[in-house]
Amino acid sequence: MAAVLAPETERRPGGTLRASSVSRSFEGVQALRGVTLELHRGEVVGLIGPNGAGKSTLVNVLSGFDRPSAGAVELEGRDVTRWPAHRRGRRGLARTFQHSHAFRALSVRENVEVAALGAGASPRSASARAEELLELLGLAGYADSPAAALAHGDERRLGVARALASRPRFVLMDEPAAGIPEAEVPAFADVVRSVRDEHGAGVLLVDHNMALIMGICDRIHVLDQGTTLAEGPPAEIRANIDVAAAYLGESAVHEDDL
């Protein structure tokens, strides 16, 4: 994969996506309890925790696919708590999903073009953007194949390409490396770095691959049972005995990885 992504012009410096004291309950079950998280442009923040910790719920609240029971979400200084997902998308917030949201009857190229067109790109610009992103994510060889024909790992890459098609200021990636062969994870890590370094976007990365998380994140936010257990740089999180204890019995994470 080439790790080159054309920088966006005329960006405002210092943007932040922030969840403030966010709680979310479902029929009496408290999925999130007063969580505060900040994501700045130009950084990668890992969001980790055992299964059921509330990671996907927080991503849904941040992206507008769900609303908090309490607390607020701010996007570059604006309260967007009640904004739907598509409105947040127009303000520069994009996300990927654990399950494919691709248009399965369209080609891989067309899926990325549609995402770019939906963000206001011209047809020519959308086509160029699609070519760039398919090359970046190692999907150029599948450009004319229907999205339905992709293997699971390639579907995840297509989801990332669709999210990046709008040139977002913030990208929320929900387990993007799931299904990607282990040998290809370093190349995928380069893609995430390029989103931060070349594109200047903030990336919130949810994944169970601790080597990926520890290797590319500037900060890591740990959830456990809907609350913030720890937050800090990778070395600090790796040494945190409370984080190690929270992962005991978690099959997707090995103690040695922490």
Side-chain angles (χ1 to χ4, degrees), residues 1-17 39-44 59-66 73-140 142-144 147 150 154-174 176 191-192 194-205:
M1 299 181 194
V4 178
L5 191 60
E8 183 179 288
T9 60
E10 298 182 1
R11 285 194 173 281
R12 291 189 300 163
T16 302
L17 173 65
L39 173 64
H40 305 286
R41 287 172 57 184
E43 70 171 351
V44 178
V59 170
N60 287 338
V61 168
L62 285 168
S63 57
F65 286 85
D66 193 11
V73 177
E74 294 181 2
L75 178 59
E76 296 191 319
R78 303 189 66 170
D79 187 335
V80 299
T81 309
R82 302 187 67 81
W83 287 20
H86 69 270
R87 189 176 178 190
R88 298 186 200 192
R90 290 197 297 266
R91 297 289 299 184
L93 177 59
R95 68 165 293 182
T96 69
F97 296 85
Q98 289 188 22
H99 305 289
S100 175
H101 279 223
F103 298 105
R104 297 176 63 79
L106 298 182
S107 71
V108 171
R109 177 189 289 109
E110 287 168 339
N111 263 273
V112 183
E113 289 176 343
V114 165
L117 290 168
S122 68
R124 176 178 292 184
S125 178
S127 178
R129 183 67 173 160
E131 294 295 331
E132 176 186 16
L133 287 170
L134 294 181
E135 182 66 32
L136 174 70
L137 285 151
L139 292 171
Y142 304 104
D144 297 318
L150 290 178
D154 293 326
E155 278 189 335
R156 293 303 180 105
R157 290 191 182 94
L158 177 57
V160 174
R162 284 167 49 83
L164 297 180
S166 62
R167 298 187 183 273
R169 294 189 285 273
F170 300 95
V171 186
L172 314 181
M173 297 187 179
D174 197 355
V191 171
V192 178
S194 74
V195 175
R196 174 192 62 194
D197 299 338
E198 304 296 333
H199 192 55
V203 179
L204 183 66
L205 179 62

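For the numbers below, each heavy atom of this structure counts, side chains included, while hydrogens, waters and symmetry mates do not. Just so you know, residue 1 is the first one in the sequence shown, and it goes up from there.
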Salt-bridged, Glu113 to Arg162, with N to O below 4.0 Å?
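Not counted as a salt bridge, because no side-chain N and carboxylate O are separated by less than 4.0 Å.
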Presence of salt bridge, Arg91 and Glu76, under 4.0 angstrom:
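No, no charged N to carboxylate O under 4.0 Å.
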Roughly how far, to the nearest 0.5 Å, is [atom2] of [Y] from [atom1] of [X]?
X: Leu62; Y: Phe170; atom1: CG; atom2: CZ; value: 10.5 Å
X: Asp174; Y: Leu205; atom1: CG; atom2: CG; value: 9.5 Å
X: Ser125; Y: Arg167; atom1: OG; atom2: CZ; value: 6.5 Å
X: Leu75; Y: Arg87; atom1: CG; atom2: CZ; value: 10.5 Å
X: Leu137; Y: Ser194; atom1: CG; atom2: OG; value: 8.0 Å

For the student: nearest non-hydrogen atoms of [X] and [Y], plus distance:
X: Ala165; Y: Ala116; answer: CB-N, 3.7 Å
X: Arg88; Y: Val61; answer: NH1-O, 2.8 Å
X: Val203; Y: Met173; answer: CG1-SD, 4.1 Å
X: Phe65; Y: Ala85; answer: CE1-CB, 3.5 Å
X: Ala147; Y: Leu158; answer: CB-CD2, 4.0 Å
X: Ser166; Y: Ala119; answer: CB-CB, 3.4 Å

Any chance you could lay out the side-chain contact (heavy atoms from CB on, under 4.5 Å) test for Leu204 and Val171, step after step, and finish with the verdict?
CA-CA 6 Å; Leu204 183 66; Val171 186; over 6 Å; no
For [Y], does its backbone N or O pair with a side-chain atom of [X] as donor and acceptor, under 3.5 Å?
X: Ser63; Y: Val59; answer: yes
X: Thr81; Y: Val73; answer: yes
X: Glu43; Y: His40; answer: yes
X: His199; Y: Leu164; answer: no

Looking only at the side chains, is there a donor atom on one of Arg104 and Asn111 sitting less than 3.5 Å from an acceptor on the other?
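No, no side-chain donor-acceptor pair sits under 3.5 Å.
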How far apart are the C-alpha atoms of Leu39 and Thr16, what are their side-chain angles, what is the distance that settles it, and do they pass the side-chain contact (heavy atoms from CB on, under 4.5 Å) test?
CA-CA 6 Å; Leu39 173 64; Thr16 302; over 6 Å; no
Dump the intermediate steps for side-chain contact (heavy atoms from CB on, under 4.5 Å) on Arg78 and Trp83, then the final yes or no.
CA-CA 10 Å; Arg78 303 189 66 170; Trp83 287 20; 4.0 Å; yes
Does any non-hydrogen side-chain atom of [Y] lie less than 4.5 Å from one of [X]?
X: Arg109; Y: Glu131; value: yes
X: Glu110; Y: Phe103; value: no
X: Glu132; Y: Leu136; value: no
X: Leu172; Y: Leu93; value: yes
X: Leu17; Y: Arg41; value: no

